[in-house]
> 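Got a structure here, written out as structure tokens. Questions coming.
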Amino acid sequence: MDTIQNRISAFVELGKFLSQFTQKETAQKNDIQFNDLFFDGFKHQLKIAGEKNTWFTKENLLFATESWSKALTNENIQQWVANENLGKNDIKQVAVIMAGNIPLVGFHDFLSVLISGHSVLVKQSSNDKNLLPFLAKYLEYVQPELKGKITFTEQKLTGFDAVIATGSNNTARYFEYYFKDKPSIIRKSRNSVAVLTGNETAQDFENLSNDVFCYFGLGCRSVSKLYVPKDYNFDPFFTGMFNKQEIINNAKYANNYDYNKAVYLMSEFDILENGFLMIKEDESYASPIASVFYEYYDNADDLKTKLKQDEEKTQCIVANNFIEGEIAFGETQNPQLWDYADGVNTLEFLSKI
């Protein structure tokens, strides 16, 4: 029988399965269901994912699997669903259109639809096609009632009742038009910012380096913009970034660094750089790979007002006792299940369709 507790149990087992694939090691455990069928296969899928998308390094792939293994505990999922009115409505077919900027970036939507009792129709990005279908097959083995509730398609989406779609600002306009007659969550491009006051510690900056460089800065939770006081001294910031210097050894990242540096220099922009990261004064939120924008602020209250006005452009605000809803240095890539993208409660949406 398909009950919410059975669905929770299935994802808890998936969390245990993923716990074998960590940044420290990939090691088979004895107490994992269906491990003989799936362990070597998933190892192979991770390898293929990295070959097909060279931004998906082994380190980044394993960071993603380890992060999800930590999130998918019984305690976490029970806490997440506790206050939601799930499974009371008829079962609907929910289409999920996924981005492909970081590994398993659409997994939270996939999880949300299934935990709500609905069926999911998944359209993946060509940049991230290998991992999720394999994990879906694992879920069907652990919980056979999920068979028939998970569909992947590369065709035009048909026969769905609601949609969750993530894309760029351009594709979002298309989504909003195309899905105007369906209940929907449409997500656009967002970026994350850090507010510096001059009182940060060396550890704060080292932690911030994770927010800047994790997934090469490709995630919407990656910090791409700094707000700094007038006459700010960037030396402590660059010192904190230095522990990520090895990133320049990635050929794709290095190519982007060289290209963007050349563009900036030819345009005669003022930049500061340390051999693997450039910073440039710019009012935009979205900075190119290997660069971070910064903007000066005079008054903390004015900056809070600006960030409030621009909240639809930002995903995370990294700061220390500066603004409500801020995220601690180093924590942007460790969201809880209830830290919803764009601040939209996916479970609440799914409970009402």
Side-chain angles (χ1 to χ4, degrees), residues 2 6-74 76-77 96 98-115 119-154 214-216 218-219 246 249-252 333-334 337:
D2 180 28
N6 285 346
R7 297 193 294 273
I8 289 171
S9 295
F11 279 100
V12 171
E13 288 304 319
L14 179 62
K16 292 177 184 174
F17 175 78
L18 290 173
S19 73
Q20 302 172 111
F21 305 90
T22 69
Q23 294 176 92
K24 186 179 176 184
E25 63 177 354
T26 295
Q28 195 164 355
K29 298 178 182 177
N30 294 325
D31 57 343
I32 308 295
Q33 289 190 40
F34 302 109
N35 224 12
D36 53 335
L37 284 174
F38 286 92
F39 180 84
D40 288 337
F42 191 60
K43 236 170 97 171
H44 183 61
Q45 292 302 324
L46 288 167
K47 182 172 179 286
I48 294 173
E51 290 169 354
K52 288 191 172 178
N53 182 348
T54 48
W55 288 121
F56 286 12
T57 61
K58 182 179 179 182
E59 180 184 41
N60 284 341
L61 286 161
L62 293 175
F63 181 85
T65 54
E66 186 173 356
S67 296
W68 278 112
S69 75
K70 290 174 180 175
L72 295 175
T73 65
N74 186 60
N76 279 344
I77 302 176
V96 177
M98 298 182 174
N101 49 326
I102 64 175
L104 291 172
V105 70
F107 186 84
H108 192 276
D109 291 331
F110 172 84
L111 162 65
S112 298
V113 173
L114 290 175
I115 217 80
S119 298
V120 66
L121 174 63
V122 181
K123 189 155 194 175
Q124 294 180 284
S125 163
S126 58
N127 291 326
D128 184 20
K129 292 182 76 164
N130 293 86
L131 305 182
L132 191 58
F134 193 88
L135 297 180
K137 191 60 67 180
Y138 181 82
L139 283 168
E140 290 174 352
Y141 267 76
V142 171
Q143 188 54 256
E145 287 83 357
L146 290 173
K147 284 183 180 172
K149 300 194 77 170
I150 304 171
T151 307
F152 291 87
T153 184
E154 295 185 7
C214 188
Y215 299 124
F216 298 107
L218 290 167
E246 296 296 321
N249 295 330
N250 178 280
K252 205 164 184 179
Q333 300 297 345
N334 300 309
L337 293 173

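Just so it is clear, the structure is predicted and the values come from calculations on it, not from any experiment.
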> Measuring from Asn127:CG to Met98:CE, what's the distance to the nearest 0.5 Å?
14.0 Å
> Drop me the distance from Glu13's CD to Asn74's CG, to the nearest 0.5 angstrom.
10.0 Å
> Mind checking side-chain contact (heavy atoms from CB on, under 4.5 Å) for Thr57 and listing every partner two or more places apart, or none if nothing turns up?
Glu59, Asn60, Phe216, Asn250
> Leu135 versus Phe42: any side-chain heavy-atom pair under 4.5 Å?
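In contact.
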> For the rings on Tyr138 and Phe11, is their centre-to-centre separation under 6.0 Å?
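When the ring centroids of Tyr138 and Phe11 are compared, they turn out to be at least 6.0 Å apart.
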> Between CD of Gln124 and CG of Asn130, what distance do you get to the nearest 0.5 Å?
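Answer rounded to 0.5 Å: 8.0 Å.
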> Ring centroid separation for Phe34 and Phe17, is it under 6.0 angstrom?
no
> What are the two closest non-hydrogen atoms of Phe152 and Ala136, and how far apart are they?
CE1-CB, 3.8 Å
> Show which side-chain atoms of residues 101-114 pair as donor or acceptor with protein atoms under 3.5 Å away, not counting sequence neighbours.
{"from": "Asn101", "atom 1": "ND2", "to": "Leu218", "atom 2": "O", "distance (Å)": "3.1"}
{"from": "His108", "atom 1": "ND1", "to": "Ser112", "atom 2": "OG", "distance (Å)": "3.4"}
{"from": "His108", "atom 1": "NE2", "to": "Leu337", "atom 2": "O", "distance (Å)": "2.7"}
{"from": "Asp109", "atom 1": "OD1", "to": "Arg187", "atom 2": "NH2", "distance (Å)": "2.8"}
{"from": "Asp109", "atom 1": "OD2", "to": "Arg187", "atom 2": "NH1", "distance (Å)": "2.8"}
{"from": "Ser112", "atom 1": "OG", "to": "His108", "atom 2": "O", "distance (Å)": "2.7"}

> So how far is it from Leu72 CG to Ser67 OG, rounded to the nearest 0.5 Å?
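Interatomic distance, Leu72 CG to Ser67 OG, rounded to 0.5 Å: 10.5 Å.
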> Please lay out, stage by stage, how Tyr215 and Trp55 fare under the test side-chain contact (heavy atoms from CB on, under 4.5 Å).
CA-CA 8 Å; Tyr215 299 124; Trp55 288 121; over 6 Å; no
> Please say whether more than 12 non-hydrogen atoms of neighbouring residues, nucleotides or ligands are located less than 6.0 Å from NZ in Lys52.
no
> Let me confirm one number: the CG-OG distance from Leu132 to Ser125, rounded to the nearest 0.5 Å.
12.0 Å
> Using a distance-only test with no angle check, is there a side-chain donor-acceptor pair under 3.5 angstrom linking Ser19 and Lys29?
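Lys29 and Ser19 do have a side-chain donor-acceptor pair below 3.5 Å.
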> What residues form a salt bridge (charged side-chain N to carboxylate O under 4.0 Å, His left out) with Lys137, not counting sequence neighbours?
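Result, salt bridge (charged side-chain N to carboxylate O under 4.0 Å, His left out) vs Lys137: Glu140.
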> Nearest 0.5 angstrom please: Ile32 CD1 to Phe39 CZ, how far?
10.0 Å
